[in-house]
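In what follows, a structure is listed as structure tokens, so that the remarks can point back to it.
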Number of protein chains: 2
Amino acid sequence: MPLPQTEIPGRLQAYFSERGIRMTQQRRAILQVMETASKHLDAAQILRKAKKIDPSVDRSTVYRTLKLLKRNGLIDELDLMHIHGEGHYYERKVNRDHIHMACLRCGKIMEFVSDIFENLKQQVEKDCRFKIMVSRLEIGGYCTACRAQQ
Amino acid sequence: MPLPQTEIPGRLQAYFSERGIRMTQQRRAILQVMETASKHLDAAQILRKAKKIDPSVDRSTVYRTLKLLKRNGLIDELDLMHIHGEGHYYERKVNRDHIHMACLRCGKIMEFVSDIFENLKQQVEKDCRFKIMVSRLEIGGYCTACRAQQ
DNA sequence: ACGCTTATTGCAATCCGTCGCATCTAGCAC
DNA sequence: GTGCTAGATGCGACGGATTGCAATAAGCGT
């Protein structure tokens with residue numbers, strides 16, 4: 001029983017079919033959630049939102065799809081230093097890697113883009129002769145507001 | 001029923017008693033495991049090794065102790081880019097932060113220390129006015145040997 | 001449009017990590 | 001050494017994430 005086909009960017013369709021990955025209704029629903037998410041969803045939130053689009057989506061399909069997307073570099077997985085428990089968070093991969101900073105006191109998440117980070121990765125690739133596919137820098141500490149109140 | 005008291009470094013004894021953290025038999029067993037581990041144990045391995053020293057050690061005590069040690073900056077928690085599944089790994093904290101690189105093909109874990117990493121952290125502290133307490137840079141990619149064989 | 005093949009799914013069982021609570025014990029005072 | 005008390009433990013129960021397997025459906029050839 002076909003559901004209304006939700007709009008998925010052509011680049012993803014192409015990426016999938018090139019390597020024989022099937023575009024199922026469930027994946028389409030999950031992808032739509034990831035594409036339209038403002039930020040940092042955890043698996044439970046993704047499941048809930050995906051079920052609204054296609055109620056048949058199962059928990060295990062969400063986890064399997066997230067793993068697939070992660071393996072293919074289409075999303076990033078974060079744990080935000082486990083400030084809010086052990087869960088993991090997911091966000092669409094953007095062109096430039098960014099650093100995540102989590103305030104250990106107020107829980108706020110900040111992002112930061114840095115040329116030095118790019119330099120560091122280049123150094124690793126060169127000095128270790130290591131081809132970087134994915135990288136993640138997460139920092140825990142205290143934000144400006146919380147430092148003042150300590 | 002007292003077990004043979006295993007040797008725990010004085011610095012840890014001092015650190016604990018200063019802040020009213022009790023040195024129990026179970027913690028002593030777990031600490032001994034961490035101190036003598038060559039590297040990167042996961043929770044199940046720590047439990048198994050600790051049980052050999054003190055069979056009464058329970059799973060939840062291991063998790064609680066790891067959390068305690070992490071909170072106090074005595075160990076680092078890694079996920080090594082989830083190459084071997086979702087589990088977490090633990091290692092004794094050493095003075096200088098190091099980068100972990102995980103080969104996505106052979107699974108080998110490499111470490112790297114870099115001044116640029118230190119510079120990057122300084123930049124974050126300055127530009128974001130953020131006090132860093134803990135940081136973790138993990139990289140997934142392909143090591144020299146595996147690059148050659150692709 | 002129809003069938004075929006195999007990737008993908010849903011379900012149930014399982015595993016891993018956490019939590020509440022009653023019990024125990026480390027560390028201190030005497 | 002003995003007793004006291006709060007911190008720590010073990011146990012059982014729970015929720016989140018994973019996995020094996022039979023059933024389903026995507027995508028291709030015709």
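Naming: A, B, ... by sequence-line order, numbering from 1 per chain. We use all heavy atoms of the structure for the numbers below, so side chains are in, but hydrogens, waters and symmetry mates are not.
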Expressed in angstrom and rounded to an integer, what is the separation of Asp79(A) atom CG from dG16(D) atom P? 18 Å
Side-chain donor-acceptor pair present, Asp42(B), Tyr90(B), cut-off under 3.5 Å: no
Taking the six-membered ring of Phe16(B) as reference, does the cationic atom of Arg19(B) (NZ for Lys, CZ for Arg) lie under 6.0 Å from its centre and within 45° of its axis? no
Atom CD1 of Ile30(B) and atom P of dA8(D): how far apart are they, to the nearest Å? 13 Å
Between Arg64(B) and Ser60(B), is any side-chain donor less than 3.5 angstrom from a side-chain acceptor? yes
When you measure from the side chain of Arg27(A) to the backbone N and O of Arg22(A), does any donor-acceptor pair fall under 3.5 Å? yes
Any side-chain donor near an acceptor of the partner, Asp79(B) and Tyr89(B), under 3.5 Å: no
Can you see whether His100(B) engages Glu138(B) through a side-chain donor-acceptor pair at a distance of less than 3.5 angstrom? no
For Met23(A) and dC28(D), give me the distance from atom CE to atom P, rounded to whole Å. 13 Å
Closer than 4.0 Å, any side-chain N/O of Gln26(B) to the OP1 or OP2 of dG10(D)? yes
Expressed as a whole number of angstroms, how long is the span from Phe16(A):CZ to dC28(D):C1'? 19 Å
Applying side-chain hydrogen bond (donor to acceptor under 3.5 Å, both in side chains), run through Gln45(A) and His40(A) and close with a yes or a no. CA-CA 10 Å; Gln45(A) 293 169 315; His40(A) 299 154; over 6 Å; no
Quickly work out the Asp42(A) CG to dG15(D) P distance and round it to whole Å. 16 Å
Output the rounded distance in Å from CG (Asp54(A)) to P (dT8(C)). 16 Å
Under 4.0 Å between a Lys/Arg side-chain N and an Asp/Glu carboxylate O for Lys93(A) and Glu77(A)? no
Report the residue (Arg22(B) or His88(B)) whose heavy-atom-nearest nucleotide on DNA chain C is the more 5′ of the two. His88(B)
Take the protein atom CD of Gln25(A) and the nucleotide atom C1' of dA7(C), then report the distance between them rounded to whole Å. 16 Å
May I ask you to evaluate whether Arg27(B) reaches the phosphate of dT9(D), defined as a side-chain N or O under 4.0 Å from OP1 or OP2? yes
Can you pull out the residues from residues 66-77 of chain A that lie within a 4.0 Å heavy-atom distance of DNA chain D? Lys67(A)
Pairing donors with acceptors under 3.5 angstrom, does anything connect the side chains of Thr65(A) and Gln26(A)? no
What protein N or O atoms touch nucleotides 28-30 of chain C N or O atoms at under 3.5 angstrom, if any, and at what distances?
none

Would you please confirm or rule out a distance under 4.0 Å between OP1 or OP2 of dA25(D) and any side-chain N or O of Thr24(A)? no
Is Tyr15(B) reaching over with its side chain to a backbone N or O of Asn72(B), donor-acceptor style, under 3.5 angstrom? yes
Output the distance between atom CD (Glu91(B)) and atom OG (Ser38(B)), rounded to the nearest 0.5 Å. 11.0 Å
Kindly give the heavy-atom pair with the smallest separation between Val57(A) and Leu47(A), and that separation in Å. O-CD1, 3.9 Å
In whole Å, I'd like the distance from the CD1 atom of Ile21(B) to the C1' atom of dA6(D). 14 Å
Listed pairs, N/O of protein and of nucleotides 11-15 of chain C, under 3.5 Å:
residue	atom	partner	partner atom	Å
dC11(C)	N4	Ser60(A)	OG	3.3

